[in-house]
S.K.: 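Sharing a structure, written as structure tokens. Questions coming.
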Number of protein chains: 2
Amino acid sequence: MPDQRTNHDTRDRILDVAERLFMEHGYEATSMRMITGAAEVNLAAVNYHFGSKEALLREVFRRRLSWLNRERLEVLDRLEAQAGGTPLKPSQILEAFFGTLLRMGEDESLGGMTFLRLLGRTLTDPAEFIRHFFAGEYAEVIDRYKRALFRALPDVPQAEIVWRLHFMLGAMSYAIAGTDVLQVVTGCGLSDLAGENGAQGPGDTALARRLAQRLMPFLLGGLRAPLPQLLDPSGNQQESSPKTA
Amino acid sequence: MPDQRTNHDTRDRILDVAERLFMEHGYEATSMRMITGAAEVNLAAVNYHFGSKEALLREVFRRRLSWLNRERLEVLDRLEAQAGGTPLKPSQILEAFFGTLLRMGEDESLGGMTFLRLLGRTLTDPAEFIRHFFAGEYAEVIDRYKRALFRALPDVPQAEIVWRLHFMLGAMSYAIAGTDVLQVVTGCGLSDLAGENGAQGPGDTALARRLAQRLMPFLLGGLRAPLPQLLDPSGNQQESSPKTA
DNA sequence: CACTATTTCAAACGTTCGTTTTAATGTTAG
DNA sequence: CTAACATTAAAACGAACGTTTGAAATAGTG
């Protein structure tokens, strides 16, 4: 029985703190006492308001993904309505799907870069309940955008499109996770590449914008790359590197 | 006792089991008792042979990455020696860097897909000691390949190359992690896309090969995509390759 | 053989985990 | 007011955590 009149101050503070701590340390490495301590609420508050630690993580994502998925569907609906019956351009589809997400990084009320980083880091979490949750949350949106890409690229085998959608999701997920070894090796993170100071905070919104500027051409280039010549299973790939076998 | 064990037998069995369990459940969600139980060794064996749980994870990676990094450097050395003083082709560099890794997935003695999945899932782990470890392991290889790409693409701003190397790492990392929501949503994983049975096992080596066939054109297309028009002065449109057959 | 170093083993260490309990405190409507 | 409900509070729960201990077993060497 959801009661909208209840006091949401404790609830929201828990969600905000959990979002940040789950991002910084991961789900397993974040304890209830870390969360309730940072949120300055009682230890039992999480179980009272959400039921369990797993349900807390789900709610942390649900309040962001419900907006994201709705927005993604609405943008696609709008594009397809404008196009009449003609297929959309791949660049439009990518902009709708990835641009909508990256725009969340510029809006603190939508979670900002904190949520984006959390999302990127959690998408590769092997925990069963997490993957099951994401599968349910993403099912409709993925299906709609997949079919839009099928229509946009009628000459490309659908299996190939699925592969490349998979790769594009990976490039984006990893990019927003912000844990790249490159950043530690080169001593400069995305923030420095974006020309801003490295400190997290308000500068993150600029980071999200520049990330989108850089990511979109890359994804489009990958999506429209020449198809690999399909060989019989016994035949091996083209050899442009020295033999290693 | 079912069979006699030598000194290194315990060590190696712990490493093999830890590699699989860390992949399946993640570092934090894998307990020492799960590892020693599955390896059929005493609980204290891990601390005796490796010192700590963190040190065990480092050793799990070190025994694989030492081979991978050495191989990557040797392949690059060989390519640059063959090329004389001329710059390498981007496709050669990508094949050397990503192809070498993906070939590990075909060789069970190098860890196979189990290690590849573990690597992909761990690269986005926020734990401090993990990121510090990866930074040290990858420093030399990243630097060498980065500079090779700089020479191969002299007209592309170096910051742009770093961005795209970042995106390529992400696409590969996410792909080998094998946790994509697409797989759960569409009900078919990479194994099905590869035309093989979905069961993990020997079929995984075929998966690694087909993954490489699909991933390499995508990465090359992304790397050579038209540059985003920003405040960049020269050479913005270098090479467009939309040949969606 | 005796001696030493290495490895295995069962048991326990102290700590932290997520969760539950029970009571106290606000809050709201009749 | 008071009865009913919603929320917070302190304390404790049993279980599981990574690690350590000290003795027993094994292997290697002269």
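Within every chain, numbering begins at 1; the chains are lettered A, B, ... in the order of the sequence lines, protein sequences first and strands thereafter.
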S.K.: Is it true that B:R62 and B:E59 have a side-chain N and a carboxylate O under 4.0 angstrom from each other?
M.R.: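 Yes, this pair counts.
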
S.K.: Check the distance between D:dT8's C1' and A:N47's CG and give it to me in whole angstrom.
M.R.: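 Atom-to-atom, A:N47 to D:dT8, this comes out as 14 Å.
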
S.K.: OP1 or OP2 of C:dT6 versus the side-chain N and O atoms of B:H49: is any pair under 4.0 Å?
M.R.: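 The answer is no; no side-chain N or O of B:H49 sits under 4.0 Å from OP1 or OP2.
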
S.K.: Please state whether the phosphate of C:dA10, meaning OP1 or OP2, lies under 4.0 angstrom from any side-chain nitrogen or oxygen of B:N42.
M.R.: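 B:N42 to C:dA10 OP1/OP2: side-chain N or O found under 4.0 Å.
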
S.K.: Does a side-chain N-to-carboxylate-O contact under 4.0 Å join A:R117 and A:E19?
M.R.: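 Looking at A:E19 together with A:R117, the answer is no, because their closest N to O distance does not fall below 4.0 Å.
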
S.K.: Are OP1 or OP2 of D:dT7 and a side-chain N or O of A:T10 less than 4.0 angstrom apart?
M.R.: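 Answer is no, no contact under 4.0 Å.
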
S.K.: Roughly how many Å is it from NZ in A:K53 to P in C:dG18, rounded to a whole number?
M.R.: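 For the pair A:K53 NZ and C:dG18 P, the rounded distance is 4 Å.
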
S.K.: Is A:T36 touching bases, backbone alone, or none of the nucleic acid, heavy atoms closer than 4.0 Å?
M.R.: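 The residue A:T36 makes no contact with any strand.
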
S.K.: With the side chain of A:R33 defined as its heavy atoms from C-beta on, choose the nearest nucleotide among D:dC17, C:dC17, D:dA9.
M.R.: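 Taking heavy atoms from C-beta onward, the closest nucleotide is C:dC17.
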
S.K.: Taking only Lys NZ, Arg NE, NH1 and NH2, and the carboxylate oxygens of Asp or Glu, determine whether B:D77 and B:R144 approach each other closer than 4.0 Å.
M.R.: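 Judged by the 4.0 Å cut-off on N to carboxylate O distance, B:D77 and B:R144 do form a salt bridge.
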
S.K.: When the distance from CD1 of A:I14 to P of C:dG18 is rounded to whole Å, what number comes out?
M.R.: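 Going from A:I14 (CD1) to C:dG18 (P), I get 14 Å.
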
S.K.: Tell me which of B:L43 and A:A29 sits closer to the 5' end of DNA chain C, going by the nucleotide each one is nearest to.
M.R.: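 Its nearest nucleotide being more 5', the pick is B:L43.
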
S.K.: Do the side-chain N or O atoms of B:S31 get closer than 4.0 angstrom to the phosphate oxygens (OP1, OP2) of D:dA16?
M.R.: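 No, outside the criterion.
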
S.K.: Test ring pair (Phe, Tyr, Trp, His ring centres under 6.0 Å) on B:Y27 and B:F129; report intermediate values, then the result.
M.R.: CA-CA 12 Å; B:Y27 172 76; B:F129 85 95; 5.3 Å; yes

S.K.: How is B:A44 classified with respect to the nucleic acid when contacts are heavy atoms under 4.0 Å: base, sugar-phosphate, or nothing?
M.R.: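 Base contact.
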
S.K.: What is the distance, to the nearest angstrom, from the NE2 atom on B:H25 to the C1' atom on D:dC17?
M.R.: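 After rounding, the gap between these two atoms is 16 Å.
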
S.K.: Atom CZ of A:R13 to atom C1' of D:dT7: distance rounded to whole Å?
M.R.: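 Those two atoms, CZ and C1', are 13 Å apart.
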
S.K.: Once you round it to whole Å, what is the distance between C1' of C:dT19 and CD of A:E54?
M.R.: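 It works out to 13 Å between those atoms.
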
S.K.: Quick one: B:F50 CZ to C:dT6 P, roughly how many Å, whole number?
M.R.: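 Between P of C:dT6 and CZ of B:F50: 17 Å.
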
S.K.: Could you tell me how far apart B:Y48 (OH) and C:dT6 (P) are, to the nearest whole angstrom?
M.R.: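 In whole Å, C:dT6 P lies 7 Å from B:Y48 OH.
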
S.K.: What verdict does the ring pair (Phe, Tyr, Trp, His ring centres under 6.0 Å) test give for A:Y174 and B:F167, after you've listed the backbone C-alpha separation in whole Å, the side-chain angles of each residue and the deciding distance to 0.1 Å?
M.R.: CA-CA 7 Å; A:Y174 189 85; B:F167 296 145; 9.6 Å; no

